[in-house]
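First comes the structure, then the notes that go with it.
All values reported here derive from a predicted model rather than from experimental measurement.
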Amino acid sequence: MTTSSSERGVSLGMPELPAPAYPDDVRARLETDAREIIARYPDSRSALLPLLHLVQAEEGHVTRTGMRFCADMLGLTTAEVTAVATFYTMYRRRPSGDYQVGVCTNTLCAVMGGDAIFEELQEHLGVGNGETTDDGKVTLEHIECNAACDFAPVVMVNWEFFDNQTPASAKRLVDDLRAGRPVTPTRGAPMCTFKETARVLAGFPDERDGAVESGGSAGPASLIGLKLAKGESAPARVVHPRGEAPRDDKPHEPSPTEHLSSHDAPQDTSASDPAHPAGPAAEEGE
């Protein structure tokens, strides 16, 4: 005796219908921009990443319609476009907020307080990872390292840096974003919406006053290797261990193999996990 699929509780479903097309006026505008992007590359397929940013700038996330548009413009299959759009985390696959608030929870930021910031923001905003507030303003997520360890813990809003954050400062930040109050990144370009950011990432100029002049966001600690490579070595300096007063005698001139910072010294970390605070590292044999 055989049983039908419905009797077994199996739903075969219907094939998904093709994605709808953009309205004619939107399509015409996007095609103009897309052709400008494609013309930058000797191989049109190389234009896929900026084209995905272009359609993300239109709707705030990469829709099936957007992927169909990219496929049509580049002569690819929607499967090929989908494979790329789902690989990179910068492309959103569902509606999201005007401001993407990302808390770095990789190792250094986490132990410096990133875990605590992310936990408190979830409670403060009433959302989980990747979720958006009811007003559509803020999408919260934890993010991977953004090469700003010298400013840990770091919060990013639409890929702009907010350095040396605390739970209190991070909550003020999201409250200001939701209230429409001016917010200024620690470094880099002025704040704009996620859609505006996506258009810049597609390769179009940021025409806001002062945006280009304020670009460039690497900190001094991140640039020291480049300066050394150029022969711009800084004079040696001695950083005294925390809690130790500077000596009055002539400072010791460290050799190139000696550390110039006390950051290697065992010290308390921020209470990123209040239930299990981390203490100073013990010396071997203690």
Side-chain angles (χ1 to χ4, degrees), residues 52-53 55-66 85-146 148-149 151-201 217 269-278:
L52 286 169
H53 283 299
V55 298
Q56 183 159 255
E58 183 66 30
E59 300 177 84
H61 66 294
V62 177
T63 63
R64 293 175 57 237
T65 297
T86 56
F87 180 82
Y88 293 101
T89 59
M90 291 182 72
Y91 301 120
R92 311 303 183 191
R93 296 299 311 283
R94 58 184 178 180
S96 54
D98 293 333
Y99 301 99
Q100 305 282 322
V101 176
V103 182
C104 181
T105 54
N106 271 182
T107 305
L108 185 57
C109 278
V111 300
M112 294 295 286
D115 285 346
I117 291 173
F118 184 64
E119 182 177 336
E120 293 207 24
L121 283 183
Q122 287 186 94
E123 182 176 353
H124 183 66
L125 296 172
V127 298
N129 182 46
E131 295 179 351
T132 303
T133 54
D134 292 338
D135 57 9
K137 294 291 186 180
V138 170
T139 297
L140 178 66
E141 63 177 349
H142 67 79
I143 53 179
E144 299 301 319
C145 180
N146 281 277
C149 301
F151 299 107
V154 173
V155 173
M156 300 194 81
V157 181
N158 295 349
W159 310 116
E160 299 296 345
F161 290 98
F162 290 81
D163 301 323
N164 302 310
Q165 292 293 293
T166 66
S169 66
K171 285 188 283 190
R172 287 195 300 271
L173 171 61
V174 296
D175 286 346
D176 287 344
L177 291 171
R178 298 183 72 183
R181 291 187 285 267
V183 169
T184 303
T186 307
R187 47 205 167 96
M191 185 54 54
C192 62
T193 67
F194 184 64
K195 287 183 179 181
E196 292 170 324
T197 300
R199 183 168 178 82
V200 172
L201 292 174
S217 55
T269 62
S270 178
S272 59
D273 185 357
H276 301 86

Output the distance between atom [atom1] ([X]) and atom [atom2] ([Y]), rounded to the nearest 0.5 Å.
| X | Y | atom1 | atom2 | result |
| --- | --- | --- | --- | --- |
| Gln165 | Arg172 | CD | CZ | 8.5 Å |
| Asn106 | Cys149 | CG | SG | 8.0 Å |
| Tyr99 | Thr133 | OH | OG1 | 11.5 Å |
| Asp175 | His124 | CG | NE2 | 3.5 Å |
| Trp159 | Phe194 | CH2 | CZ | 7.5 Å |
| Gln100 | Thr193 | CD | OG1 | 10.5 Å |

Got a donor-acceptor contact below 3.5 angstrom from the [X] side chain to the [Y] backbone?
| X | Y | value |
| --- | --- | --- |
| Gln56 | Met90 | yes |
| Asp163 | Val154 | no |
| Arg181 | Arg178 | no |
| Glu160 | Pro190 | no |

(Q) Applying side-chain contact (heavy atoms from CB on, under 4.5 Å) to Phe151 and Thr186, what does each step give before you reach the verdict? (A) CA-CA 10 Å; Phe151 299 107; Thr186 307; over 6 Å; no
Ignoring hydrogens, what is the shortest heavy-atom contact between [X] and [Y]? Give both atom names and the distance.
| X | Y | value |
| --- | --- | --- |
| Ala85 | Arg93 | O-CD, 4.2 Å |
| Ala152 | Asn164 | O-OD1, 3.6 Å |
| Cys104 | Cys109 | O-CB, 3.4 Å |
| Met191 | Asn158 | SD-ND2, 4.3 Å |
| Asn129 | Gln122 | N-OE1, 3.7 Å |
| Thr139 | Gly97 | OG1-N, 2.6 Å |

Q: Evaluate the side-chain proximity of Leu125 to Val138: yes if any heavy-atom separation is below 4.5 Å, no if none is.
A: yes
Q: Run the numbers on Met156 and Phe161 for side-chain contact (heavy atoms from CB on, under 4.5 Å), then give the verdict.
A: CA-CA 5 Å; Met156 300 194 81; Phe161 290 98; 3.7 Å; yes
Q | Thr65/Val55 under side-chain contact (heavy atoms from CB on, under 4.5 Å): CA gap, chis, key distance, verdict | A | CA-CA 9 Å; Thr65 297; Val55 298; over 6 Å; no
Q: Report the residue from Val101, Asn146, Val174 that forms a side chain to side chain contact (heavy atoms under 4.5 Å, CB included) with Val155.
A: Val101
Q: Would you mind telling me which of Leu121, Asp176, Ile117 makes a side chain to side chain contact (heavy atoms under 4.5 Å, CB included) with Lys171?
A: Leu121
Q) Heavy-atom count around Asp134 CG within 6.0 Å, excluding the residue itself: above 12? A) no
Q) Just wondering, more than 12 heavy atoms not from Lys137 lying within 6.0 Å of its NZ? A) no
Q.
Going by salt bridge (Lys or Arg N to Asp or Glu O under 4.0 Å), name the pairs with one or both residues in residues 190-199, residues two or more places apart or in two chains.
A. Asp33-Arg199
**Q.** Thr132 vs Val127, side-chain contact (heavy atoms from CB on, under 4.5 Å): CA-CA, chis, key distance, verdict
**A.** CA-CA 7 Å; Thr132 303; Val127 298; over 6 Å; no
Q: Just say parallel, tilted or perpendicular for the rings of His142 and Phe118, cut-offs at 30° and 60°.
A: perpendicular
